[in-house]
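Scroll down for the structure; my scribbles are underneath it.
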Amino acid sequence: MPELPEVETTRLGLSPHVQGQTIRTAVVRNPRLRWPVPKHLAQLVAGRRIERLERRSKYLLLDCGGGWLILHLGMSGSLRVVPADQPPGAHDHLDIVLESGQALRLHDPRRFGAVLWQRGEPTRNKLLRDIAPEPFDPRFDGHWLFQHTRGRRAAIKNLLMDQRLVCGVGNIYANESLFRAGIHPATAAGRIGEQRYARLVDAIRTTLTEAIRAGGSTLRDFVNADGKPGYFQQQYFVYGRAGEPCRLCASAVRMVRIGQRSAFYCPRCQR
DNA sequence: CGCCAGGCCTGCACGC
DNA sequence: TGCGTGCAGGCCTGGC
């Protein structure tokens with residue numbers, strides 16, 4: 001799920017049900033996520049009002065006034081709003097119970113997700129400190145990427161997934177963005193010029209924007225439904241399409257391993 | 001059974 | 001000795 005578009009879609013879907021709500025309590029059924037869920041989470045959050053639901057990179061941030069609840073969905077996490085008395089299913093590790101009688105429920109089979117409490121500003125948290133500007137921040141531009149990749153021999157696809165360089169992009173959208181920019185995923189980042197980086201930035205923004213738009217149609221699924229979290233099925237250009245024809249030139253899409261992750265690309269459109 | 005999966009921190013080896 | 005860099009490992013469960 002959770003690259004930036006999925007997290008943003010989650011934020012948009014949950015926001016009306018969560019914002020302005022006072023937290024009644026927190027129920028931790030399984031604290032064993034990527035890091036242990038804070039021991040006394042209920043005491044930390046009970047009685048606090050959720051002022052706003054924000055997002056930074058792939059992190060969801062709940063402004064609780066004086067402290068922030070930081071959520072990360074890892075590989076398999078999802079959040080939904082359910083009636084607080086709805087029986088939890090397997091892997092429903094945490095509920096944030098609201099005064100409305102609903103609960104924000106975290107589901108995460110692989111438990112790579114995280115729930116953290118941060119007093120004061122969330123940017124004080126070590127995990128958020130070194131993250132690159134948001135993709136739509138004007139500071140994130142071709143020059144930013146050009147500057148930070150000089151002398152670097154790593155494949156551009158790996159650096160696209162480095163949150164200190166590009167934030168919010170994971171394996172799927174790294175592949176998709178590189179396709180849109182016409183850049184081969186194995187290209188050494190240091191050998192790409194500023195013009196091509198400007199094009200890559202455009203490609204990243206387009207890719208993320210379209211994914212968020214695709215997710216918008218599934219927002220209702222974040223509330224009360226008992227099925228899948230409602231992450232949308234998008235039409236990808238290359239991701240997961242090894243052997244299938246490129247949507248632009250009909251060449252067979254290829255898959256290779258780069259940095260222990262699957263890379264998909266069109267050998268004709270991407271150089 | 002083995003392999004794969006949308007993330008990301010940590011620790012190691014290396015070169016300057 | 002200290003970076004920055006590039007890798008590999010590890011955390012988990014579920015599906016094919």
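Letters go in sequence order (proteins before strands), and every chain restarts at 1.
Taking the six-membered ring where the residue is Trp, A:Y236 and A:Y239 present perpendicular rings, their angle passing 60° and hence far from 30°.
Side chains of A:D108 and A:H91: no donor on one and acceptor on the other come within 3.5 Å. A donor and an acceptor atom, one from each side chain of A:T22 and A:E99, are nowhere located under 3.5 Å apart.
Residues A:L69 and A:I96 are in side-chain contact: their nearest non-hydrogen atoms beyond the backbone lie under 4.5 Å apart. Looking at heavy atoms from C-beta onward, A:L4 lies in side-chain contact with A:R55 at the 4.5 angstrom threshold.
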Filtered N/O pairs between nucleotides 12-15 of chain B and protein, under 3.5 Å:
none

Query - Strand DNA chain B as a dot-bracket string - pairs counted if Watson-Crick or G-U with both distances under 3.5 Å, | where the partner lies in another strand - result: .||||.||||||||||
**Report entry** nucleotides 4-13 of chain C: protein proximity per nucleotide (B base, S sugar-phosphate only, - neither; heavy atom, under 4.0 Å)
**Finding:** -SS-BBBBBB
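Among residue pairs with one or both ends in residues 113-122 of chain A, those qualifying as side-chain hydrogen bond (donor to acceptor under 3.5 Å, both in side chains) are A:Q118-A:N125; sequence neighbours excluded.
Listed by residue number, there are no residues of residues 114-132 of chain A with a heavy-atom contact under 4.0 Å to DNA chain C. For the segment residues 54-62 of chain A, residues with any heavy atom less than 4.0 angstrom from an atom of DNA chain B are, sorted by number, A:K58, A:Y59.
Atom-to-atom distance recorded for A:L79:CG and A:R11:CZ is 13.5 Å, nearest 0.5 angstrom.
Between A:Y173 and B:dG6, a side-chain N or O to OP1/OP2 separation shorter than 4.0 Å is absent.
A cation-pi arrangement is present between A:R150 and A:F146 under the rule of less than 6.0 angstrom and at most 45 degrees off the ring axis.
For the pair A:I258 CD1 and B:dG6 P, the computed distance is 13 Å after rounding to whole Å.
By the side chain to side chain donor-acceptor pair (under 3.5 Å) test, A:R48 is found to be paired with no residue, residues two or more places apart in sequence or in another chain being considered. For A:D162, the side chain to side chain donor-acceptor pair (under 3.5 Å) partners two or more places apart in sequence, or in a different chain, are A:R164. With sequence neighbours excluded, the residues forming a side chain to side chain donor-acceptor pair (under 3.5 Å) with A:D137 are A:R139, listed by chain and number. The side chain to side chain donor-acceptor pair (under 3.5 Å) test applied to A:R105 returns A:D95, not counting sequence neighbours.
In this structure, A:K58 does not pair ionically with A:E6, as no charged nitrogen and carboxylate oxygen lie closer than 4.0 Å.
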Taking only distance into account, with no hydrogens and no angle test, what donor-acceptor pairs under 3.5 Å do side-chain atoms of residues 259-271 of chain A form with protein atoms, sequence neighbours excluded?
| unit_1 | atom_1 | unit_2 | atom_2 | d |
| --- | --- | --- | --- | --- |
| A:S262 | OG | A:R257 | NH1 | 3.0 |
| A:Q270 | OE1 | A:C266 | N | 2.8 |
| A:Q270 | NE2 | A:L178 | O | 3.4 |
| A:Q270 | NE2 | A:I183 | O | 2.8 |
| A:R271 | NE | A:R268 | O | 3.4 |

Return all side-chain donor-acceptor pairs below 3.5 angstrom for residues 30-40 of chain A, not counting sequence neighbours, or 'none' if the list is empty.
| unit_1 | atom_1 | unit_2 | atom_2 | d |
| --- | --- | --- | --- | --- |
| A:N30 | OD1 | A:R32 | N | 2.9 |

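Take the nearest nucleotide of DNA chain B for A:Q163 and for A:M255: the residue whose nucleotide is more 5' is A:M255.
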